[in-house]
Amino acid sequence: MGVEKTTREMIIETSRDVKWICKTLAEMKESAGELERRVRSLERWRDERDGGDRRVQRISAGAGGLVGGVAAAVVQMLLR
């Protein structure tokens, strides 16, 4: 049979385990915080890019409407 641990040895082992767990949790929190910052940065970049695309679409729609109105006016003038 195996050698049984003394209470002192079990306390020392438990203390080491608790320290390891605390260190690992701190590293996980730091890693999660960094990941969160990276995700937020990507979301801001995507929002800026999408906002620029929407501006181009609005300008294009406005220009298309203007050109369509001018074309309609020219056609009406030619038909009179």
Nearest 0.5 Å, what's the CG-CZ distance between Leu42 and Arg44?
9.0 Å
Using a 3.5 Å cut-off and no angle test, enumerate the donor-acceptor pairs between side-chain atoms of residues 32-40 and protein atoms at least two apart in sequence or in another chain.
| residue | atom | partner | partner atom | Å |
| --- | --- | --- | --- | --- |
| Glu34 | OE1 | Arg37 | NE | 3.4 |
| Glu34 | OE1 | Arg37 | NH2 | 3.0 |
| Glu36 | OE2 | Arg40 | NE | 3.0 |
| Glu36 | OE2 | Arg40 | NH2 | 2.5 |
| Arg40 | NH1 | Glu43 | OE1 | 2.6 |
| Arg40 | NH1 | Glu43 | OE2 | 3.4 |

From Asp17 CG over to Trp20 CH2, what is the distance, rounded to the nearest 0.5 angstrom?
8.5 Å
Linking I/L/V/M/F/W/Y whenever any side-chain heavy atoms sit under 4.5 Å apart, do Leu25 and Val18 land together?
no
Ignoring hydrogens and geometry, is there a side-chain-to-backbone donor-acceptor pair from Glu9 to Thr6 under 3.5 Å?
yes
Report yes or no: does Ser31 contribute a side-chain atom to a donor-acceptor pair with the main-chain N or O of Glu27 at less than 3.5 Å?
no
